[in-house]
Each structure stands twice: as C-alpha cells, then as structure tokens.
**Q** 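My questions all concern the structure below.
Keep in mind that what you see is a predicted model, and the values were worked out from it rather than measured. Quick note: residue numbers are just sequence positions, from 1.
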Amino acid sequence: MAGSSESGSSPEEEMWMSFTNHTFIIPKKEINMFTDMAKWKRSQAYADYVGFIVALNESVKGKKLTCDYKTSKPVEKLTVLLNTLDRWIDETPPVDQPSRFGNKAYRTWYSKLEKEAENLLSTVIPKELRAAVPEVAVYLKESVGNPTRIDYGTGHEAAFAAFLCCLCKIGVLKVDDQLAIVFCIFDRYLQVMRKLQKTYRMEPAGSQGVWGLDDFQFLPFYWGSSQLIDHPTLTPVHFVDEKIVNEHHKEYMFLECIKFINEMKTGPFAEHSNQLWNISAVPAWSKVNQGLIRMYKADCLEKFPVIQHFKFGSLLTINAEGS
C-alpha cells in the first residue's frame with residue numbers, strides 16, 4: 001500500500017486508527033416484539049452477519065479440517081482464550097443435585113467468564129483498540145449459554161459468530177484468517193461447548209425436538225456441508241453410516257457433529273434426528289449446502305424466540321443497511 005509506506009503506518013495500524021474517534025457502545029437488545037423482526041432483517045447487522053457466515057462457507061469449500069492453513073497471532077491468542085474456558089470446566093465439577101439436567105455448577109463456571117471476559121479479551125485485542133473490548137466482550141459472554149436457564153442453543157452459537165465478525169470488523173482478524181476462523185477457532189469453540197453440554201447436562205434452548213436439525217448447533221452443519229462439496233467418494237447418504245463417520249470425523253465438521261449426536265442419543269437415527277435423516281437423501285453436498293443456508297435463515301435468523309436475545313452495538317448495528 002503506497003499510502004501506508006509513505007505514512008510509515010502498517011495496514012493494521014491504519015485500520016486501528018480508523019477507529020480512533022469511533023464511539024463503541026455496550027450492545028443491547030432491540031428486538032422486543034415480533035413486529036421488530038422487520039427492523040432486524042433490514043439492519044446492517046443482518047447484512048453483515050449473513051455476509052460473514054456466507055464468506056466463511058465459501059472459504060472452507062472442499063477443504064478438510066486437517067488441511068494446512070495460516071494461524072496468525074490473534075488466532076493463537078483466541079485458541080488460548082478458549083483453552084482457558086475449557087480448563088475452568090475441569091476446575092468446576094458438577095455438583096450433586098436432585099435434578100438430572102441443568103447442573104448448577106454451570107453458574108459458577110459462567111460467573112468466572114462474566115468476571116474475566118474483558119481481561120481475557122484484552123489479550124486478543126491490541127491496546128490501540130482497547131475501547132472496543134467492552135462491546136466485543138458482550139458477544140463472548142452471550143455465546144456460551146444462559147446461566148438462569150442453564151441452556152444452550154443456536155442463538156448462543158450465533159453470538160459466537162457475531163463475536164468473530166466483530167473481531168474482523170475492527171481488524172483483529174483478517175481475510176486471510178478465514179480458514180483458521182472456522183477450522184481452528186470455531187472448531188475449538190465447538191469442543192468447549194460440547195464439554196459444557198455434557199458436563200453440566202445443559203438443556204437445548206428453544207429446541208424443536210426431532211423436527212429441528214440439531215438440539216444445539218447449526219453453523220457446523222452449514223460450513224461442514226461446504227467442506228464436502230465435490231468429495232470424490234463421500235455423498236450425503238454416507239453420514240448415516242457410523243463406520244464412515246468414525247473414519248472421517250476428524251477431517252469434516254459435519255461428520256464431527258453426527259458423531260456427537262450418535263454419542264448423545266439412542267435409538268434409530270431416523271427417529272431422533274429426522275431432519276438430518278431427510279437430508280441424507282439429497283444427492284449432492286452442494287444442494288445440502290444451499291438448503292442449509294435457507295433453513296438457517298428460516299429456523300434461526302428469522303425466528304423471534306432466537307433473535308429477541310441478539311444484542312446490537314456500534315459494530316453490529318440495528319440501523320438500516322447502508323444508512
């Protein structure tokens with residue numbers, strides 16, 4: 001960049017300087033009734049969020065989790081952050097209680113995150129952008145489940161995607177981090193969420209039961225189906241074959257999700273995961289991928305019970321797109 005070399009500033013520093021006079025705000029809820037949903041779908045936040053997940057979907061197309069990709073310093077720091085959350089689970093064992101589900105030790109674990117989120121994030125966001133920390137930290141805290149209900153669902157997953165989107169918007173994560181965002185950061189996030197779900201027996205938030213895609217997640221199915229596009233041997237019908245899932249789950253996010261379902265649920269797959277069973281009949285992964293983004297919009301992004309909890313700040317704004 002001619003401009004950056006003349007001024008002696010790196011592209012990163014120029015990006016950070018563009019936020020020097022930016023007013024960061026603590027994100028808050030804006031979708032309070034069903035009629036507010038139109039405001040959400042017209043918002044800059046909706047356009048930015050959908051654009052972000054679609055760009056990541058494109059970046060992982062045809063690639064294995066085990067492929068080579070660059071890991072930048074911020075990616076490494078985010079992995080350390082997630083490792084810390086994982087370690088806290090080990091340090092906070094479930095308590096004895098009469099109820100089988102929703103172990104109250106989760107609230108102890110969550111209170112650590114609530115207290116430490118900004119400190120953790122300060123290790124990832126450079127000091128030049130420290131004003132962004134309180135805004136971005138809200139999405140991290142929203143991404144791990146609800147401490148009152150001790151539940152977790154696609155709205156919490158969306159908060160983590162929003163967290164990553166915000167880090168991209170302020171220039172901490174960059175375009176050439178895209179593979180690492182999905183294969184390193186998001187995959188590690190999933191591992192921590194599965195550990196939370198199993199350790200504290202978290203309830204699925206707003207689950208549609210057998211009629212939903214999955215009790216807890218959606219994005220790894222979407223991005224995972226993109227990984228499998230044009231695969232020479234694996235077609236959608238193969239993911240209901242447990243042997244194939246066990247052979248390939250470390251390479252493909254979609255199969256990793258199926259393996260977790262197989263571990264957590266008993267009985268015929270067609271009964272406990274009817275939507276996925278139906279998807280296995282689709283002939284090509286490209287069709288599955290196209291169908292899943294439509295389904296994600298319809299079942300998650302356009303559902304009031306999910307979006308009423310989404311929070312809007314200066315980076316993901318409720319203002320109309322382009323305003």
**Q** To the closest 0.5 Å, what do you measure between CZ (Arg107) and OG (Ser111)?
**A**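 OG of Ser111 is found 11.0 Å from CZ of Arg107.
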
**Q** Using side chain to side chain donor-acceptor pair (under 3.5 Å) as the criterion, list what pairs up with Gln178, not counting sequence neighbours.
**A**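 Applying side chain to side chain donor-acceptor pair (under 3.5 Å) to Gln178 gives none.
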
**Q** Any salt bridge linking Arg130 with Glu128? Criterion: basic side-chain nitrogen under 4.0 Å from a carboxylate oxygen.
**A**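 No, Arg130 and Glu128 are not salt-bridged.
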
**Q** What I want to find out is whether Lys311 reaches Glu30 closely enough, with some N-O distance under 4.0 Å, to be called a salt bridge.
**A**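 Looking at Lys311 and Glu30, the cut-off is not met.
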
**Q** How about Tyr139 and Phe160: do any of their side-chain heavy atoms sit closer than 4.5 Å?
**A**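 Heavy-atom side-chain distance check fails, nothing below 4.5 Å.
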
**Q** For a quick check under 3.5 Å, do Tyr222 and Gln217 share a side-chain donor-acceptor pair by atom type?
**A**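 No, no side-chain donor-acceptor contact under 3.5 Å.
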
**Q** Look up atom OG in Ser59 and atom CG in Asp176, then write down how far apart they are to the nearest 0.5 Å.
**A**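 Going from OG on Ser59 over to CG on Asp176, the span is 11.5 Å.
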
**Q** Just how far is it from atom CZ of Phe304 to atom CG of Asn32, taken to the nearest 0.5 Å?
**A**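 Phe304 CZ to Asn32 CG: 7.0 Å, rounded to 0.5 Å.
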
**Q** Suppose we screen for side chain to side chain donor-acceptor pair (under 3.5 Å). Which residues come up paired with Asp36, at least two apart in sequence or across chains?
**A**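 Asp36: no side chain to side chain donor-acceptor pair (under 3.5 Å) contacts found.
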
**Q** Do Leu316 and Cys165 have side-chain heavy atoms sitting under 4.5 Å apart?
**A**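 Of all side-chain heavy-atom pairs linking Cys165 with Leu316, at least one is under 4.5 Å.
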
**Q** How many angstroms lie between CD1 in Ile318 and CZ in Arg42, if you round to the nearest 0.5 Å?
**A**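 Rounded to the nearest 0.5 Å, the CD1-CZ separation comes out at 9.0 Å.
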
**Q** What pair of heavy atoms forms the shortest contact from Thr92 to Tyr200, and how long is it?
**A**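 Looks like O-OH, 2.6 Å.
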
**Q** Determine, for Glu302 against Lys41, whether the closest basic-nitrogen to carboxylate-oxygen distance falls under 4.0 angstrom.
**A**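 A salt bridge links Glu302 with Lys41.
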
**Q** Provide the full list of side-chain hydrogen bond (donor to acceptor under 3.5 Å, both in side chains) pairs with a residue in residues 95-104, sequence neighbours left out, each pair given once.
**A**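 Checked against side-chain hydrogen bond (donor to acceptor under 3.5 Å, both in side chains) - neighbours excluded - no pair reaches residues 95-104.
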
**Q** Show the nearest heavy-atom pair for residues Val144 and Tyr152, with the distance to one decimal.
**A**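 Here Val144 and Tyr152 meet closest at C-CD1, 3.9 Å.
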
**Q** Which label fits Trp285 and Phe239: parallel for a plane angle under 30°, tilted from 30 to 60°, or perpendicular past 60°?
**A**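 The rings of Trp285 and Phe239 sit tilted, inter-plane angle from 30° to 60°.
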
**Q** With ring centroids as reference points, do Tyr252 and His249 lie under 6.0 angstrom apart?
**A**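 Distance test on ring centres: not under 6.0 Å, no.
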
**Q** Looking at CD1 of Ile185 and CG of Leu190, how far apart are the two atoms once the value is rounded to the nearest 0.5 Å?
**A**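 So the gap between those two atoms works out to 12.5 Å.
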
**Q** Please tell me whether Arg188 and Gln191 have a donor and an acceptor in their side chains that are separated by less than 3.5 angstrom.
**A**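 A donor-acceptor contact under 3.5 Å links the two side chains.
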
**Q** Will you find, in the side chains of Ser226 and Asn289, an N or O donor that is under 3.5 Å from an N or O acceptor?
**A**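 Result is no, nothing qualifies.
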
**Q** Find out whether Asp86 and Leu82 are in side-chain contact, i.e. whether some heavy atom of one side chain is under 4.5 Å from a heavy atom of the other.
**A**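 SC-SC contact between Asp86 and Leu82 ruled out.
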
**Q** Check this for me, if you would: do Glu256 and Lys250 make a salt bridge, where the nitrogen-to-carboxylate-oxygen distance has to be below 4.0 angstrom?
**A**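 Salt bridge absent between Glu256 and Lys250.
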
**Q** Can you name the ring pair (Phe, Tyr, Trp, His ring centres under 6.0 Å) partners of Phe221, sequence neighbours left out?
**A**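 Phe221 satisfies ring pair (Phe, Tyr, Trp, His ring centres under 6.0 Å) with Phe254 once adjacent residues are dropped.
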
**Q** Which pairs, with at least one residue in residues 28-47 and sequence neighbours excluded, count as a ring-ring contact (aromatic ring centres under 6.0 Å, His included)?
**A**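 Counting only pairs at least two positions apart or across chains, the ring-ring contact (aromatic ring centres under 6.0 Å, His included) contacts touching residues 28-47 are Trp40-Tyr46, Trp40-Phe310, Trp40-Phe312.
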
**Q** What distance separates Glu251 CD from Lys63 NZ, expressed to the nearest 0.5 Å?
**A**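 Rounded to the nearest 0.5 Å, the CD-NZ separation comes out at 15.0 Å.
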
**Q** Using the side chain to side chain donor-acceptor pair (under 3.5 Å) criterion, which residues pair with Glu116? Sequence neighbours excluded.
**A**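 Result, side chain to side chain donor-acceptor pair (under 3.5 Å) vs Glu116: Asn119.
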
